[in-house]
Amino acid sequence: MKKVLVIGSINIDHVYSIEKMPLVGETMAAKSSNTFFGGKGANQAVAASIFGADTSFLGAVGDDQYKQSVINNFMDTGVNIGELAIDDQKNTGTAIIYSINGDNSIVIERGANDSVNSQFIKAKQEYINSFDIIVVQNEIDESAINAVCEIKQDNQILIYNPAPYRNITPVLLESIDFITPNETEYREMVESGLSVSTEKLILTEGANGVTYKGVNYPALKVSPIDTTGAGDCFNGVLAACLSMDMTIAQAIEWAVKAATQSTLTLGAQNGYQSKDQLSK
């Protein structure tokens with residue numbers, strides 16, 4: 001089995017279930033509120049590990065009240081965090097998530113995630129280059145993504161989840177093996193004039209599944225409870241499947257199934273399942 005490294009963010013998610021977004025100046029009572037482990041990077045690493053991949057995570061947590069529980073969560077889900085950084089100058093990243101009828105809106109404070117920059121990546125180059133598959137997303141500094149692309153070796157597979165969206169340079173795109181935007185992110189890519197080869201583009205379309213090279217891989221028909229982290233589940237399981245030497249088509253099929261199932265449980269990571277669980 002190939003080894004997976006996810007480089008990215010750690011957040012503590014504060015989720016509020018509400019009927020609608022409040023207007024400016026309006027006070028609204030939430031139907032419920034919960035706190036979960038999150039962050040796109042952490043979610044993707046946990047999803048890959050739970051599915052069955054040999055998974056490590058590279059990122060930063062604050063030296064605060066959340067530090068130990070975050071570390072414990074990685075250990076409980078089988079994620080290797082031997083190179084996890086602890087930033088004693090910043091808090092652990094946080095996210096405020098408004099869950100409205102199964103969809104969500106998210107506000108992020110990056111905190112210690114900003115420590116993951118180009119200097120951080122270059123200092124970890126030997127470690128990073130010991131992995132077969134690398135997954136990155138945009139909740140860390142842009143310079144970190146660029147640095148990963150610079151040091152990436154030809155025998156490594158790099159999966160880039162461009163969320164939250166920011167401009168992508170053709171040079172960066174050249175180093176990426178697979179890019180996994182959702183429909184909104186893809187529209188922004190097109191509007192920016194960026195051209196992506198069909199070999200690299202894996203378009204996630206929510207309830208409509210995923211499209212790759214003109215083929216649609218449909219999602220299961222479910223009534224979602226919480227879509228938070230479903231895209232992260234897709235990316236993590238995609239990496240896990242590729243680490244098991246599946247074809248890209250097989251990997252997408254499994255990742256779509258895992259992501260769909262994840263929406264049936266409240267909280268980003270709570271609905272992630274192993275390959276054996278998803279086989280039932």
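Keep in mind the model is a prediction, meaning the values are calculated, not measured.
- Taken from CD1 in Ile81 to OG in Ser56, the straight-line distance is 10.0 Å, to the nearest 0.5 Å.
- For the ring pair (Phe, Tyr, Trp, His ring centres under 6.0 Å) test with Trp254, the passing option among Phe234, Phe51, Tyr217 is Phe51; the others fail.
- Residues Leu201 and Tyr186 have side chains in contact (heavy-atom distance under 4.5 Å, counting atoms from C-beta outward).
- Between Ile128 and Ile134 the shortest side-chain heavy-atom distance falls below 4.5 Å.
- A donor-acceptor contact under 3.5 angstrom links the side chains of Asn138 and Tyr160, judged on distance only.
- In this structure, Lys2 pairs ionically with Asp245, as a charged nitrogen and a carboxylate oxygen lie closer than 4.0 Å.
- Under the 4.5 Å side-chain criterion, counting only non-hydrogen atoms from C-beta, Ile157 is in contact with Phe178.
- Looking only at side-chain heavy atoms (C-beta outward), Thr169 and Leu173 stay at 4.5 Å or farther from each other.
- Two residues are said to be in side-chain contact when any heavy atoms from C-beta on lie closer than 4.5 Å; Asp13 and Thr35 fail this criterion.
- Screening Phe74, Tyr127, Phe131, Phe37 against Phe57 for a ring pair (Phe, Tyr, Trp, His ring centres under 6.0 Å) leaves a single residue, Phe74.
- Checked options Ile100, Ile97, Ile96; the residue passing with Tyr16 is Ile96 (criterion: side chain to side chain contact (heavy atoms under 4.5 Å, CB included)).
- Under the 4.5 Å side-chain criterion, counting only non-hydrogen atoms from C-beta, Thr55 is not in contact with Asn80.
- The backbone N or O of Thr92 sits less than 3.5 Å from a side-chain atom of Asp64, completing a donor-acceptor pair.
- Looking at Ile168 and Met189, their side chains come closer than 4.5 Å, going by heavy atoms from C-beta outward.
- In this structure, a donor-acceptor pair under 3.5 Å is absent between the side chains of Asn182 and Glu205.
- Here the side chain of Gln250 pairs a donor or acceptor atom with the backbone of Thr247 at under 3.5 angstrom.
- At distances below 3.5 Å, not a single donor-acceptor pair connects side-chain atoms of Gln153 with backbone N or O atoms of Asn155.
- Under the side chain to side chain contact (heavy atoms under 4.5 Å, CB included) criterion, Ser143 pairs with Asn117, Ser118, Asp141, not counting sequence neighbours.
- Heavy-atom neighbours of Glu126 CD from other residues, nucleotides or ligands within 6.0 Å: at or below the threshold of 12.
- The CD1 atom of Ile145 sits 8.0 Å away from the CD1 atom of Ile7 when rounded to the nearest 0.5 Å.
- Sorted by first and then second residue, the pairs that involve residues 188-199 and meet side chain to side chain donor-acceptor pair (under 3.5 Å), not counting sequence neighbours, are Glu199-Lys213.
- The distance from atom CD of Glu185 to atom OG1 of Thr204, rounded to the nearest 0.5 Å, is 7.0 Å.
- Checked by atom type and distance alone, the side chain of Asn73 never pairs as donor or acceptor with a backbone atom of Ser69 at under 3.5 Å.
- Between the side chains of Asp232 and Gln137, no donor N or O sits under 3.5 Å from an acceptor N or O.
- How far SG of Cys241 is from NZ of Lys275: 8.0 Å, rounded to the nearest 0.5 Å.
- For residues 156-172, there are no salt bridge (Lys or Arg N to Asp or Glu O under 4.0 Å) pairs, not counting sequence neighbours.
- With hydrogens and angles left out, the side-chain atoms of Asn146 and Glu142 include no donor and acceptor closer than 3.5 Å.
- With 3.5 Å as the limit, one finds a donor-acceptor pair spanning the side chains of Thr180 and Asn235.
- Between Leu58 and Leu84 the shortest side-chain heavy-atom distance does not fall below 4.5 Å.
- In this model, a donor atom of one side chain and an acceptor atom of the other lie less than 3.5 Å apart for Ser115 and Asp87.
- No side-chain N or O of Glu139 forms a donor-acceptor pair with one of Asn113 less than 3.5 Å apart.
- A donor-acceptor contact shorter than 3.5 Å is absent between the side chain of Thr228 and the backbone of Ala268.
- Under a 4.0 Å N-O distance rule, the pair Lys20/Glu26 qualifies as a salt bridge.
- Annotation: the span from Asp54 atom CG to Met1 atom CE amounts to 7.5 Å, rounded to 0.5 Å.
- Checking side-chain atoms of Ser243 against main-chain N and O of Lys3 turns up no donor-acceptor pair under 3.5 Å.
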